[in-house]
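Hydrogens, waters and symmetry mates play no part in the numbers below; they use all other heavy atoms, side chains included.
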Amino acid sequence: MNNSSCPRLDFGFAGRFLPSVFILVFIIGLVANGWGLKSLLHNWKKLGNVNVFILNLGLTDILYLLTLPFLMVYHFKGSKWIFGDTFCKITRFCFNLNLYGSIGFLTCISVYRYLAIVHPMRVMGRITVTHSVGISVMVWLLVSVQSLPDMFYSKTSGNNTEKCHDTTSSIYVEDYLKYSFGWTVTGFCIPFLITLGCYGHVIVVLCRTNTTDKVLKRRSLKLLLILILLFSVCYIPYHVLKNLSLWSRVLSKQKICREWFNGVYIAKQISRGLVCLNSALNPLVYLHVSEDIPARLRRLLQRARQMSSRLFMSNSASVAMAQITDEA
């Protein structure tokens, strides 16, 4: 296919799709993460090894959620960025910290759960909160180092400073594709394989051991399902489509056109919406790792049911009294 017959990309799709996703994620994510962090800080003295990673997981979510209002304005204004090039780069940097920080801390949680279940006697008492804090600092540093080169790529299109690309402009797209591919391997593929290996071994051990606590087995299986959901819905589609979209831009720059360019562009925008859902789905990890939060949630639900029952009884009594009065 020659360049003159290249299919037009539906650039307006992002503006129609992403704002509604951002609003939903902002509301749910802020409430869920705020409540989860409050519960963890309230029980700081009980903070265990894994809960240190949960705390950092929540902080990565809050950091990204605070940038969503600016992205909403950007898309509501027809993809016109009014906050300056520097803040555009900071916003994209916060997204990367959230994405790869979440993957990193989920990997740490998986490794700790693996050690606690498969090798409990070897690690009992040897891994302290201090170790968890040190590992968390290393995760932050590693993710920052991986994300920092992205800050040096142009986020605008030439003289058009109204754009705020999530990758880079077409001028540097070839170099960015190489950087993105290496970033995908180190920031996503390797942690994903570690997480998969840890929980694969955990499930094998739990299924073979009949004496294993049934509650522990059930919670481990639920956490595995949550991680599968996060990786399948949020992380895998985004990384595949991000690199495929960059490749299509490289081909287009080389005057090579394909019919699937527009489909990949639309799919990539959908994956951008899905990947930000991790900030709203991560609190599910709180429920199945922290021992205190599920109990607090059950108490809140119980109180809500009691209030609903009392309200229903009160309304029923009022209706009954009204009927008696009418009959009288």
May I have the step-by-step check of side-chain contact (heavy atoms from CB on, under 4.5 Å) for Y100 and T60, ending in yes or no?
CA-CA 9 Å; Y100 295 101; T60 63; over 6 Å; no
Run the numbers on Y179 and D150 for side-chain hydrogen bond (donor to acceptor under 3.5 Å, both in side chains), then give the verdict.
CA-CA 9 Å; Y179 164 59; D150 181 71; 5.2 Å; no
Evaluate T128 against H131 for side-chain hydrogen bond (donor to acceptor under 3.5 Å, both in side chains), listing each step before the verdict.
CA-CA 5 Å; T128 64; H131 291 118; 3.1 Å; yes
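A distance-only check finds a donor-acceptor pair linking the side chain of R92 to the backbone of C164 [under 3.5 Å]. Panel note: side chain S252, backbone S248; no donor-acceptor pair is recorded below 3.5 Å.
Using a 4.0 Å cut-off between a side-chain N of Lys or Arg and a carboxylate O of Asp or Glu, D166 and K155 do not qualify as a salt bridge. The pair D10-R16 counts as a salt bridge, with a side-chain nitrogen and a carboxylate oxygen less than 4.0 angstrom apart.
Criterion: ILVMFWY side-chain heavy atoms under 4.5 Å apart, direct or through other members. Under it, V139 and I190 are part of a common hydrophobic cluster.
Taking the six-membered ring for Trp and thresholds of 30 and 60 degrees, Y265 and F11 have ring planes more than 60 degrees apart, a perpendicular arrangement. Ring pair F87/W81 is parallel by interplanar angle, where below 30° counts as parallel and above 60° as perpendicular.
For F83, the CZ atom sits in a packed shell: over 12 heavy atoms of surrounding residues, nucleotides or ligands are nearer than 6.0 Å. Residue K253 qualifies as enclosed at atom NZ: its count of foreign heavy atoms under 6.0 Å is above 12. Summarising the local packing, CE of M138 is surrounded by 12 or fewer heavy atoms from other residues, nucleotides or ligands at distances under 6.0 Å.
Using modelled atom types, one finds no donor on one side chain facing an acceptor on the other under 3.5 Å when comparing H165 with Y153. Between the side chains of N33 and N282, no donor N or O sits under 3.5 Å from an acceptor N or O. Using modelled atom types, one finds a donor on one side chain and an acceptor on the other under 3.5 Å when comparing R249 with T167.
Just one residue in the list F181, Y176, W260 forms a ring-ring contact (aromatic ring centres under 6.0 Å, His included) with W247, and that residue is W260.
With a 4.5 Å cut-off on side-chain heavy atoms, F53 and T107 do not count as touching.
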